[in-house]
Amino acid sequence: MNRTVRTRAVAVLAGAVLLAGGLAACDGGTRTDAAKGAADGAGAASGAPTRGPSPVEAVKAAWLKTVKAKFAMAEISATGSDGKTTTQTGTKGWYPSAHDLTIKGPGSESRSVMTGDVVYTQLKTPVDGKPWMKLDLAAGGAPAPRMNEDPAEYLALLLGQPKVVLDTGDDDLPGTRHYRAVLTGADLQAADGSTGVMPEKDRRYLRESVKHLTALEVQLWIGKDDYPVRVLTVGHDDKGASSTSASFDGFGQVAPVVAPPADQVADFDAVLKGGS
């Protein structure tokens with residue numbers, strides 16, 4: 001195949017998949033941290049009531065617990081600066097990034113599976129009897145950092161952020177704690193700066209993935225079990241504003257994401273030649 005044609009086709013397909021799926025290729029782990037957001041005392045007086053953890057402590061505790069869960073069910077609706085909305089429903093994984101999602105956009109619907117840097121897309125028309133197409137995002141070198149839109153990532157952006165505040169003005173989700181933050185681009189580049197719970201390579205990757213943002217508005221609901229159950233964001237960059245609404249459940253209870261069987265997968269070049 002003509003190299004120029006293939007390069008353009010890869011760029012177009014990869015861009016569409018990454019935009020719809022919010023892919024990231026970061027893999028890593030967590031450090032052991034014994035200070036898991038315990039509630040502190042409200043005063044030294046005997047019998048004084050205790051208050052819950054501070055927002056910084058709550059986010060840290062939620063991140064530490066969420067990271068260990070590895071997988072969760074997700075329902076995500078994202079509206080870009082162009083006004084087009086894409087939805088994702090299925091399993092999200094993190095460290096390393098993974099997903100098994102049904103992705104719906106304007107006039108389109110597909111199933112996408114990702115493990116590490118490899119994305120598998122279910123084809124409407126099989127190629128040589130193979131119903132899946134494989135695209136290796138790292139084939140031309142390490143892919144650029146991108147947001148994965150998983151619960152651990154949303155929490156990581158709020159790690160150590162003093163602008164996170166507890167919202168006590170509503171009860172939209174009973175039994176949860178509702179937090180808000182409005183962060184600048186500089187704030188995002190300082191994520192986990194004071195808490196220091198992320199491995200250094202993951203912290204660098206996270207900050208690179210949001211380098212294009214000039215501001216981010218976040219609402220976060222954390223359940224009694226310290227897992228994030230809902231996230232609303234509005235991100236701002238030089239293209240305008242984009243918004244995301246995400247709900248998560250089943251932490252650590254869903255099956256890990258697995259790639260389709262190799263004998264059912266066609267390579268990207270084969271799919272282009274087959275005209276699918």
Side-chain angles (χ1 to χ4, degrees), residues 28-44 48-76 92-95 147-184 186-199 202-203 206-207 209-210 213 215-235 244-253:
T30 64
R31 292 190 210 154
T32 301
D33 195 319
K36 188 176 174 283
D40 56 356
T50 59
R51 59 179 173 86
S54 70
V56 169
E57 292 169 333
V59 170
K60 178 181 173 182
W63 185 84
L64 288 168
K65 187 169 183 179
T66 299
V67 163
K68 295 177 181 178
K70 292 291 187 181
F71 296 94
M73 296 301 296
E75 292 187 10
I76 302 172
K92 281 277 189 178
W94 47 93
Y95 303 123
M147 295 188 71
N148 190 47
E149 295 179 336
D150 65 67
E153 179 182 73
Y154 285 124
L155 288 166
L157 292 171
L158 301 180
L159 282 170
Q161 300 284 10
K163 291 183 179 178
V164 179
V165 298
L166 178 64
D167 187 333
T168 59
D170 63 48
D171 193 21
D172 288 348
L173 295 176
T176 65
R177 288 161 286 154
H178 181 191
Y179 299 92
R180 293 177 180 267
V182 179
L183 306 174
T184 65
D187 294 329
L188 294 170
Q189 293 307 305
D192 193 42
S194 62
T195 41
V197 293
M198 300 181 73
D202 293 342
R203 187 184 305 112
L206 175 73
R207 293 177 180 179
S209 72
V210 294
L213 293 177
L216 182 68
E217 305 166 43
V218 184
Q219 294 190 64
L220 165 71
W221 287 259
I222 297 177
K224 293 179 178 178
D225 55 6
D226 280 342
Y227 286 127
V229 297
R230 188 181 182 194
V231 180
L232 301 178
T233 69
V234 179
T244 300
S245 173
S247 298
F248 304 103
D249 61 17
F251 286 87
Q253 300 174 22

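Throughout, numbering of the chain's residues begins at 1 and tracks the sequence.
Side-chain contact between Leu158 and Lys163 is absent, with no heavy-atom pair separated by less than 4.5 Å. Val197 has its side chain within reach of Leu159: a pair of non-hydrogen atoms, C-beta onward, lies under 4.5 Å apart. Between Leu157 and Leu188, the closest side-chain pair of non-hydrogen atoms falls below 4.5 Å. Using a 4.5 Å heavy-atom cutoff, the side chains of Asp225 and Lys65 are in contact. The side-chain heavy atoms of Val218 and Val164, taken from C-beta on, include no pair separated by under 4.5 Å. Counting only heavy atoms from C-beta outward, the side chains of Leu173 and His178 never approach each other to under 4.5 Å.
Val229 and Gly223 make their closest contact through CG1-N, 4.3 Å (heavy atoms, listed as atom of the first residue, atom of the second, distance). Considering all non-hydrogen atoms of both residues, Ala72 and Asp249 come closest at CB-O, 3.5 Å. Closest of all the heavy-atom pairs between Ala156 and Ala191 is O-CB, 3.7 Å. Scanning both residues, Ile76 and Ala246, for their nearest heavy atoms gives CG1-CB, 3.8 Å. Asn148 and Gly93 get closest at one heavy-atom pair: ND2-O, 3.2 Å.
For the 3.5 Å distance criterion, the side chains of Arg180 and Gln219 qualify, holding a donor opposite an acceptor.
Salt-bridge check for Lys92 with Asp150: failed, with every basic side-chain N at 4.0 Å or more from each acidic carboxylate O.
Between Tyr154 and Phe248, the ring planes lie tilted relative to each other; the angle falls in the 30° to 60° range. Using cut-offs of 30° and 60° for the angle between ring planes, the Tyr95 and Trp63 rings count as perpendicular.
Separating the CD atom in Glu217 from the CG atom in Leu232 is a distance of 11.0 Å, to the nearest 0.5 Å. Between the CE atom of Met198 and the CG atom of Leu155 there is a distance of 10.5 Å, given to the nearest 0.5 Å. One finds the OG atom of Ser194 at 8.0 Å from the CD atom of Gln161 (value rounded to the nearest 0.5 Å).
Put simply, the residue from Trp221, Phe251, Tyr179 that forms a side-chain contact (heavy atoms from CB on, under 4.5 Å) with Pro228 is Phe251.
In this structure, Arg207 contributes its side chain and Gln189 its backbone to a donor-acceptor pair below 3.5 Å. In this structure a side-chain-to-backbone donor-acceptor pair under 3.5 Å is missing from Asp187 to Pro162.
Under the rule for a salt bridge (charged side-chain N to carboxylate O under 4.0 Å, His left out), the partners of Arg177 that lie at least two apart in sequence or sit in another chain are Asp226.
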